[in-house]
Visitor: 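Take a look at this one; I'll ask things after.
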Amino acid sequence: MATRAAAQFVGSCHLYRPSTLGGFRKFSHNVSSSKHTPAGAPETTGGHLIYTPEHFALKDSIRKIIDQEINPHVDQWESEGKFPAHKVFKILGNAGILGVNKPVEYGGLGLDFSYSVAVSEELGHIRCGGIPMAIGVQTDMATPALARFGSDELKNEFLLPSILGDKVACLGVSEVGAGSDVSSIMTKAVRKGEEYVINGGKMWTTNGTQADWMCLLANTSDGPPHRNKSLICLPMNLPGVHIARQIDKMGMRSSDTAEVFFDDVCVPSRNVIGQEGMGFTYQMLQFQEERLWAVANSLTTMDLIIQETIDYTRQRKIFNRPVLHHQTVHFRLAELQTEVELLRSLLHRATALYIRGNDVTKLASMAKLKVGRLARELGDSCLQFWGGMGFTNDVLVSRFYRDSRLISIGGGADEVMLGIICKYMDTLPK
């Protein structure tokens, strides 16, 4: 079933068509002919741990969209502090990319989560961090709980148009006083008849200034903090929803990030995803896919940074010899590539276990912790080898240096990941 659905996907993109042998014939695009072939790019032949030819066909089709529709505009969108989410998401939605592991009846391809990981890896070819992050919010942060637990009515109203690219979604979890400590959120949704009346606010809301709806986590009762929260589909055009400001960030410049306030916002009670009071649990489940997605996306970019650093240091000379020929440089790049490959193996192992129904919370937390720390280490080391050019905005490594700092903060800070890992190791104080 998965192979047939993937074949339908690539056919719909007009980039591949089934051959008489059941495979896929490329029309024109060849990833290996790109300007930079990442030093650590995995082999695309048989025997991959989790990827099949259909995964690679999907990745190739995404790459063509990136090269034609996104990367030519990245510098402009970074400068403007926002990318046109509705336009870009519609392009991706038409290609089936926004719902690869979502139900077919709601516009998805019905494939397993390994295809989402493949999508994320390929989106790492976008030459900034903000746009892939915004796409990830749409596909793997705001919609997994809705797809898994939402009513048919909610799925038709919110999930279907999000998968098609007709609506932009955002996730409303973090607040001024509650970031990684999700249980401490203060936003309340009070039941009055057939409605909830919502008051409070959300901070660091990716896609917030452009979103059509929010997957909102709010307190719906006064019970224990892990059992009093619900996820609610909240249309952003309702009276009382106020976009206070677009936050000026150090990195992720092309992704709009908003502070949002709710003043007596009335939402139908039917907009609750799944059971009332289960929102915290649903959100924790969403976090696992979000964290694996973030790891996959960062790996490709780190491969690109290493390769571009190799290319630059090979032609840049110091003391009459290429910078790359100094042992401290090529040894360091070898160390960094080794770390990237180890992390890739952890990601693919966790994904393989996850799609078989296993709890991968510990592995996902380990991978999230490692990717944040490795991104900082890699960005700093590679930027150093670029010298003065690395301190300009003209090269990818400086953009990555800024953008990647968020990885250890967003989606659960490093310290929270360590706490989760310790819990699974049974080393936390009682």
Side-chain angles (χ1 to χ4, degrees), residues 29 31 33-39 41 59 61-93 95 97-98 119-138 165 168 206-211 246-258 294 297-313 315-316 375-376 378-380 382-407 410:
H29 184 59
V31 172
S33 66
S34 62
K35 183 176 180 181
H36 294 292
T37 301
K59 287 163 70 74
S61 63
I62 295 170
R63 182 68 178 275
K64 187 167 186 178
I65 292 173
I66 291 171
D67 291 344
Q68 293 180 351
E69 304 288 352
I70 299 177
N71 274 344
H73 310 289
V74 164
D75 289 343
Q76 175 188 344
W77 295 337
E78 283 279 302
S79 177
E80 294 173 351
K82 182 185 292 188
F83 80 104
H86 285 89
K87 177 181 178 180
V88 172
F89 284 10
K90 188 58 184 174
I91 293 170
L92 298 175
I97 295 169
L98 297 180
V119 168
S120 179
E121 285 189 351
E122 205 60 31
L123 291 175
H125 286 287
I126 298 175
R127 295 186 70 81
C128 69
I131 297 172
M133 178 177 68
I135 297 169
V137 168
Q138 182 93 351
V168 174
T206 300
N207 300 340
T209 71
Q210 303 185 73
Q246 178 171 328
I247 299 169
D248 186 15
K249 309 184 301 297
M250 178 180 84
M252 303 292 191
R253 302 288 298 177
S254 55
S255 170
D256 60 296
T257 307
N297 184 250
S298 302
L299 284 171
T300 302
T301 309
M302 288 192 284
D303 283 333
L304 288 172
I305 295 298
I306 291 174
Q307 185 59 54
E308 293 191 9
T309 301
I310 291 171
D311 295 342
Y312 181 74
T313 55
Q315 57 87 23
R316 180 188 176 225
R376 301 207 305 275
L378 186 146
D380 184 68
C382 287
L383 189 148
Q384 183 71 21
F385 298 149
W386 284 74
M389 279 301 298
F391 202 64
T392 71
N393 288 325
D394 299 332
V395 292
L396 180 63
V397 66
S398 63
R399 184 175 289 164
F400 177 76
Y401 183 85
R402 298 189 307 272
D403 289 352
S404 64
R405 189 60 185 86
L406 177 63
I407 302 173

Visitor: As an exercise, state the distance from CD of Glu80 to OG of Ser254, rounded to the nearest 0.5 Å.
Guide: 10.5 Å
Visitor: Who passes ring pair (Phe, Tyr, Trp, His ring centres under 6.0 Å) against Phe385, sequence neighbours left out?
Guide: none
Visitor: So, does Gln138 use its side chain to make a donor-acceptor pair with the main chain of Asn207 at under 3.5 Å?
Guide: no
Visitor: Should Phe83 and Phe89 count as side-chain neighbours, where that means a heavy-atom distance under 4.5 Å?
Guide: yes
Visitor: Grab the two heavy atoms, one from Met389 and one from Val395, that are nearest each other, plus how far apart they are.
Guide: O-CG2, 3.3 Å
Visitor: List the steps, then state whether side chain to side chain contact (heavy atoms under 4.5 Å, CB included) holds for Asp256 with Gln210.
Guide: CA-CA 8 Å; Asp256 60 296; Gln210 303 185 73; 2.9 Å; yes
Visitor: How would you list, by chain and number, every residue that makes a salt bridge (charged side-chain N to carboxylate O under 4.0 Å, His left out) with Asp248, sequence neighbours excluded?
Guide: Arg253
Visitor: Do the side chains of Glu69 and Val88 get nearer than 4.5 Å, heavy atoms only?
Guide: no
Visitor: Please find the pair of heavy atoms, one from Cys382 and one from Thr309, that lie closest to each other, and give the distance.
Guide: CB-OG1, 3.5 Å
Visitor: Over all heavy atoms of both residues, which pair between Gly124 and Leu304 is shortest? Give the atoms and the distance, please.
Guide: O-CD1, 3.7 Å
Visitor: Crowded around Tyr401 OH? As in, over 12 foreign heavy atoms under 6.0 Å?
Guide: no
Visitor: Given side chains that start at C-beta, do those of Ile135 and Ile126 come closer than 4.5 Å, heavy atoms only?
Guide: yes
Visitor: Using the test salt bridge (charged side-chain N to carboxylate O under 4.0 Å, His left out), find all partners of Asp75 that sit at least two apart in sequence or belong to another chain.
Guide: Arg399
Visitor: Please tell me if the side chains of Asp380 and Gln384 come closer than 4.5 Å, counting only heavy atoms from C-beta onward.
Guide: no
Visitor: Check Val397 against Gly379 and note the closest heavy-atom contact, atom names and distance.
Guide: CG2-O, 4.2 Å
Visitor: Mind listing the closest non-hydrogen atom pair of Arg402 and Asn393 along with its distance?
Guide: NH1-OD1, 3.0 Å
Visitor: Working to the nearest 0.5 Å, report the span between CD1 of Ile65 and CG of Asn71.
Guide: 12.5 Å
Visitor: What I'd like to find out is whether the side chain of Arg316 reaches to under 4.5 Å of the side chain of Trp386, using heavy atoms alone.
Guide: no
Visitor: Are Leu406 and Met133 side-chain neighbours, meaning at least one heavy-atom pair lies under 4.5 Å?
Guide: yes
Visitor: Once rounded to the nearest 0.5 Å, what's the spacing between atom CG of Asn297 and atom CD of Glu121?
Guide: 9.5 Å
Visitor: Please find the pair of heavy atoms, one from Ile407 and one from Ser298, that lie closest to each other, and give the distance.
Guide: CD1-OG, 3.4 Å
Visitor: Between Thr300 and His125, is any pair of side-chain heavy atoms under 4.5 Å apart?
Guide: yes
Visitor: Keeping to residues at least two apart or across chains, list the salt bridge (charged side-chain N to carboxylate O under 4.0 Å, His left out) pairs with something in residues 82-92.
Guide: Lys90-Asp166
Visitor: Enter the distance from Met302:CE to Leu378:CG here, rounded to the nearest 0.5 Å.
Guide: 6.5 Å
Visitor: Sequence neighbours left out, what passes salt bridge (charged side-chain N to carboxylate O under 4.0 Å, His left out) with Arg376? Give chain and number order.
Guide: Asp414
Visitor: From Ser255 OG over to Asp403 CG, what is the distance, rounded to the nearest 0.5 angstrom?
Guide: 9.5 Å
Visitor: Applying ring pair (Phe, Tyr, Trp, His ring centres under 6.0 Å), name anything that partners His73, two or more places apart in sequence or on another chain.
Guide: Trp77
Visitor: Step by step, would you call Gln315 with Asp311 a side-chain hydrogen bond (donor to acceptor under 3.5 Å, both in side chains)?
Guide: CA-CA 7 Å; Gln315 57 87 23; Asp311 295 342; over 6 Å; no
Visitor: Would you compute the distance between atom CZ of Arg63 and atom CD1 of Ile66 and round it to the nearest 0.5 angstrom?
Guide: 7.0 Å
